[in-house]
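Take a look at the structure below.
Throughout, a chain's letter reflects where its sequence line sits, starting with A, and its residues are numbered from 1. These numbers come from the heavy atoms of this one structure, side chains and all, not from hydrogens, waters or symmetry mates.
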Number of protein chains: 2
Amino acid sequence: MPNALLEKLRGFTAMPPELAGKLTALLSKPRDIPARQDLMTEGDAPAAMVVMLEGWACRYNILPEGTRQISAFLMPGDCCDLHVSVLTEMDHSIATLTPAKVAHIQRDELNDLLDAEPALMRAFWWMQLVNESVMRAWIVSMGRRDSLQRVGHLMLELYARATAIGLVRDDRLVMPLTQIVIGDALGLTPVHVNRVLRRLREEGVMEIQGGTLTIADSAKLARVTGFDDSYLHRRLKRAA
Amino acid sequence: MPNALLEKLRGFTAMPPELAGKLTALLSKPRDIPARQDLMTEGDAPAAMVVMLEGWACRYNILPEGTRQISAFLMPGDCCDLHVSVLTEMDHSIATLTPAKVAHIQRDELNDLLDAEPALMRAFWWMQLVNESVMRAWIVSMGRRDSLQRVGHLMLELYARATAIGLVRDDRLVMPLTQIVIGDALGLTPVHVNRVLRRLREEGVMEIQGGTLTIADSAKLARVTGFDDSYLHRRLKRAA
DNA sequence: CTCGCGGCTTGATACAAGTCAAGTTGTTGA
DNA sequence: TCAACAACTTGACTTGTATCAAGCCGCGAG
């Protein structure tokens, strides 16, 4: 598999091999991380940027009552804290959801390269802005969509993002999120997530089976949930 | 009143007068905008960065059913879309909530200055990262806090941010948000916001009276809502 | 001065999602 | 091979928030 970060940046900008090489050179040797392990913990002063190469992770907070809220999902190509070290302290944690491969980039080295390569800098900006757009979309979902729309909208988001990085094969996405995790992301109980998934399955719209997401009727799902992928700001769309 | 953007950046970095002058020079002549008017509209291709100098605004989306979700409040010193023009199209709108004064900065001119002044660049990064932290905190609120905690948490956030830019006088904040607006931000109906505010008032915790917020027992309110201001990443705190 | 309108307030009722509980399935590891 | 455990499933009941409805207050326009 080619480098997931390059793959992702190519979604925004053309990436000449020479530039790709320079970026790749900054990446540390990949490290394997088991599932359910923190990559960064609230209160940490992070030292380097972490790049996801394989596997899934999430940003999350634990509340005083012990409940968890997930605020983002990270897929291959996503970065933990691009602007690391501007802030002194993490205000949330990041944990793997599956076994993962990650690499590090030292901030100073990255900054030097970005200064020298404006196109790359713009690509990183774009990545950051897309992250913000996604967060706003989550706020909209949690505020104004009911449980069925929330679940469907999230699945369409993940499906679109996975498609952009080549993770979708035969219209199926291996998506190892438990119903508990989906609930923690959407502010729902796992029991309720279960009922919603059943309804979506019974209506023939989408299905999660053995850790695999299949969207049978994406047009209907998009209509029902108010999903419009323009907030993901993909420049170079892949063929479906 | 001194320039609100400078005031805000000083919350992160010392700002020598000479640097302050350079930044001020980039600001266009301030423009007066009436209340309830879009500064940017979904679908626009924004041309320049907008800086709030006076007044309040909000980012929002309108859903197909006609409901509105607010995803951020902008106060003096806040910027609309720092990285403008990296993305081609706005995926949300920004509207004033009160009469406001705004100025513009041309992107290229700002970029040149940021390239020349690393300290300023870091200050802008910090601003951006704080915005993201606030969004994550909103996601946490909407997912895992009940209506009373949501309202209280938002008021503490606004109070803290207003304090940082010198908007709080005599422990009172002129905060012209209607109950409808608060509801649109928190995903609640105005009717319910009203009931929550009554409870908070009756319990002597906080009160909104004639567009003015007074927090009588901030320790209790912070405890009840799980508010911890570290996510606002203020470096140089003001005296209370 | 008063009319009209937007925002606030309060009550009665409805419903979406939460809670509690019990049982099933599937996987891991001894 | 079976024990242990985590995730999933389903049902019965509860509750927080929405909805609907009506009246009030205060301010700006004519």
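Atom CZ of A:R145 and atom P of D:dA18 are 17 Å apart (whole Å). Nucleotide C:dG7 holds its C1' atom 12 Å from the CD1 atom of B:I182, rounded to whole Å. Here the C1' atom of nucleotide C:dG7 and the CG atom of B:L97 are 15 Å apart, to the nearest Å. A:D184 places its CG atom 11 Å from the P atom of C:dG18, with the value rounded to the nearest Å. Going from atom CD of A:E207 over to atom P of D:dT9 covers 10 Å, rounded to whole Å. When the C1' atom of D:dC25 is taken as reference, atom CD of B:Q209 falls 12 Å away, rounded to whole Å.
Heavy atoms from other residues, nucleotides or ligands lying under 6.0 Å from CD of B:Q209 number 12 at most.
A:G210 comes within 4.0 angstrom of no nucleic acid atom, judged by non-hydrogen atoms across all strands.
Put simply, the side chain of A:D38 reaches to within 4.5 Å of the side chain of A:Y60, judged on heavy atoms. Looking at B:I182 and B:M155, their side chains come closer than 4.5 Å, going by heavy atoms from C-beta outward. By the 4.5 Å heavy-atom criterion applied to side chains, B:C79 and B:L5 are counted as neighbours. Counting heavy atoms from C-beta on, the side chains of B:L148 and B:L200 come closer than 4.5 Å. You'll find the side chain of B:V181 reaches within 4.5 Å of the side chain of B:R68, heavy atoms only. Taking 4.5 Å as the limit, some side-chain heavy atom of A:L63 sits within range of a side-chain heavy atom of B:R145. A:N3 is listed as a side-chain neighbour of A:L53, based on a closest heavy-atom distance under 4.5 Å. Here the side chains of B:L158 and B:M175 are in contact, with some heavy-atom distance below 4.5 Å.
Between A:R199 and A:E202 there is no salt bridge, since no side-chain nitrogen of the basic residue lies less than 4.0 Å from a carboxylate oxygen of the acidic one. Under the 4.0 Å criterion applied to side-chain N and carboxylate O atoms, A:D81 and A:R59 are assigned as salt-bridge partners.
Contacts of residues 146-154 of chain A with DNA chain C (heavy atom under 4.0 Å): A:D146, A:S147. Residues of residues 188-199 of chain A having a heavy atom closer than 4.0 Å to DNA chain C, listed by number: A:L188, A:T189, A:V191, A:H192, A:R195. A heavy atom lying under 4.0 Å from DNA chain C marks the following residues of residues 172-181 of chain B, by number: B:T178, B:Q179, B:I180.
Projected onto DNA chain C by closest heavy-atom contact, B:R36 and B:E202 fall at different nucleotides, the more 5' of which corresponds to B:R36.
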